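The model shown is predicted, which means the values in this text are computed figures rather than measured ones.
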Amino acid sequence: MKTIDELLAEGVAGRRVFVRADLNVPLDGTTITDDGRIRAVLPTVKALADAGARVVVASHLGRPKGAPDPVFSLAPAAARLGELLGADVAFATDTVGESAQAVVAGLADGQVAVVENLRFNAGETSKDDAERAAFAEQLAALADVYVGDGFGAVHRKHASVYDLPAKLPHYAGYLIANEVAVLKKLTEDVKRPYVVALGGAKVSDKLAVIDQLLAKADRLLIGGGMAYTFLKAKGYEVGISLLQEDQVPAVIEYMERAEKNGVELVLPVDVLVAPEFPDLKTKAPANPTTVAADAIPADQEGLDIGPETRKLYASKLADAGTVFWNGPMGVFEHPDYAEGTKAVAQALIDTPGFTVVGGGDSAAAVRTLGFDESAFGHISTGGGASLEYLEGKTLPGLAALED
């Protein structure tokens, strides 16, 4: 795929450059609680603006139902992008309508605009090829060149990700080029031991990637809500912990295959439990109890890995040549259940190997818990996209950037 450096070498002064970014930031009302994804696209936007391009930034935010919804407006993201650039950023109150057309027409060389949430248009996410193509034609009318830099959306066959690049000269932005280079290190030239730490709520979200990793990784460390399905598969009582009973047979098969393949599959040996889920708004003390992983009371819920598991996982990460971590180890948003996730993050920092934090909640946890992002080899902006790449799937947004 062609990169933004090739585009800059060709010259962009006076040209309208459509940047498909990922500004899908978490919001508390209109307050952005984590601006990591906006900062991730800054190098691409700034390079284009500095070279005299008229930059049109577009993104989705949340899951609106194909129509405008003020709850999902990109206005806060546009304002934050302007603050980070140190320049005024124009904002169109629609995506391809009168406001967008007027805002783009009013751009001078080196100026930046953001158009409203792409998913306010049903054509963006439509399963109908013709409807998506029609919306992509409207988007193409706003620009002369396309730059794909929304890595968090490249696994989606959406109009702005998949259909639009075919209608304009297209290039990969700095973020996508960097993400792909990192993922190749996890799939093509892996330094060993290769250790993968997986957490998060649902084991079903990770089954496909576990299936692939059983042939590639040396160790798999399992935590988070998904761990309780593994513990159930071992015959343990898991109380009222998060459990996907229908996935137990698949987990049993994977555990057997891990042993056959010589892959070390490591499960929690102790967990923090409580009779109810903590209040994440007030952060009221939860007073959890630590119990052995095979001794969870029937009326208790597992909410984090315990202190012995933290030590165990740190020891399993200590000699890693490569680490991929996706998914928190517990309910890190509450201070009483943050220690497991903290321990894994710190272990990644301490290991001499190449470390990748696989987007989503893991990336948010790193920032929320106060870790220095530069201490990690790479923090991905796309958890779902990273997982699907590791699963060996073809990602529509990357395929569309290929010539």
Side-chain angles (χ1 to χ4, degrees), residues 1-4 6-7 12 15-24 37 41 44-45 48 53-69 72 74 77 92 94-101 103-105 113-177 179-180 381-382 384-386 388-389 391 393-403:
M1 64 181 69
K2 290 184 179 179
T3 68
I4 187 175
E6 293 171 84
L7 172 60
V12 293
R15 300 170 79 184
R16 299 170 303 162
V17 181
F18 186 102
V19 177
R20 202 325 181 167
D22 179 9
L23 308 181
N24 185 28
R37 284 178 170 160
V41 80
T44 290
V45 173
L48 290 167
R54 303 177 182 192
V55 186
V56 182
V57 180
S59 176
H60 70 286
L61 191 151
R63 297 180 182 272
K65 305 297 184 182
D69 183 338
F72 298 109
L74 275 174
D94 58 28
T95 303
V96 291
E98 290 182 4
S99 178
Q101 294 169 30
V103 165
V104 173
V114 174
V115 297
E116 188 53 286
N117 193 335
L118 291 162
R119 292 185 183 174
F120 286 0
N121 300 74
E124 169 67 2
T125 60
S126 176
K127 296 280 194 288
D128 182 88
D129 292 349
E131 187 176 7
R132 280 200 327 274
F135 182 49
E137 285 285 1
Q138 292 179 292
L139 292 171
L142 298 175
D144 306 303
V145 182
Y146 177 92
V147 172
D149 216 30
F151 181 73
V154 294
H155 58 315
R156 306 294 187 193
K157 194 175 182 179
H158 291 170
S160 66
V161 175
Y162 178 74
D163 302 89
L164 181 56
K167 302 180 183 301
L168 295 169
H170 46 268
Y171 303 81
Y174 289 125
L175 174 61
I176 278 186
E179 293 272 15
V180 170
T381 56
S386 296
E388 290 200 14
Y389 189 100
E391 289 167 23
K393 290 184 178 179
T394 296
L395 305 188
L398 296 185
L401 294 175
E402 299 286 354
D403 291 318

For Ala133, is there any backbone N or O sitting under 3.5 Å from a side-chain donor or acceptor partner on Asp129?
no
Counting C-beta onward and ignoring hydrogens, is there a side-chain heavy-atom pair between Ser160 and Phe135 closer than 4.5 Å?
no
Taking all non-hydrogen atoms of both residues into account, name the closest pair between Ala100 and Val115 and its distance.
CB-CG1, 4.1 Å
For Glu402, I'd like to know if atom CD has over 12 heavy atoms of other residues, nucleotides or ligands within 6.0 Å.
yes
Evaluate Thr125 against Leu118 for side chain to side chain contact (heavy atoms under 4.5 Å, CB included), listing each step before the verdict.
CA-CA 9 Å; Thr125 60; Leu118 291 162; over 6 Å; no
Flag, side chain of Thr95 to backbone of Asn117, donor-acceptor distance under 3.5 Å:
yes
Note: Arg20-Glu124 ion pair, threshold 4.0 Å (strictly below)
yes
Check whether any side-chain heavy atom of Leu48 lies under 4.5 Å from a side-chain heavy atom of Leu7, and answer yes or no.
yes
Least distance between heavy atoms, His60 atom then Asn24 atom:
NE2-ND2, 3.5 Å
Closest non-hydrogen atom pair, Val161 against Gly397:
CG1-CA, 3.4 Å
Taking every heavy atom of Asp69 against every heavy atom of Phe120, the minimum-distance pair comes out as O-CZ, 3.1 Å
Are the side chain of Arg37 and the backbone of Thr381 linked by a donor-acceptor contact shorter than 3.5 Å?
yes
Shortest non-hydrogen contact from Glu131 to Asp128?
N-OD2, 2.8 Å
Enter the distance from Asp149:CG to Thr44:OG1 here, rounded to the nearest 0.5 Å.
3.5 Å
Can you tell me if Glu116 uses its side chain to pair, donor with acceptor, with the backbone of Leu74 under 3.5 Å?
yes
Okay, side chain of Arg119, backbone of Gly62: is any donor-acceptor separation there less than 3.5 Å?
yes
Taking all non-hydrogen atoms of both residues, which atom of Ala136 and which atom of Ala159 are closest, and how far apart?
CB-O, 4.2 Å
Passing option when Val41 is tested against Leu23, Ile176, Asp22, Val57 for side chain to side chain contact (heavy atoms under 4.5 Å, CB included)
Leu23
Tyr389, OH: over 12 other non-hydrogen atoms inside 6.0 angstrom
yes
Taking the side chain as C-beta and beyond, is there a heavy-atom pair between Leu168 and Val145 under 4.5 Å?
no
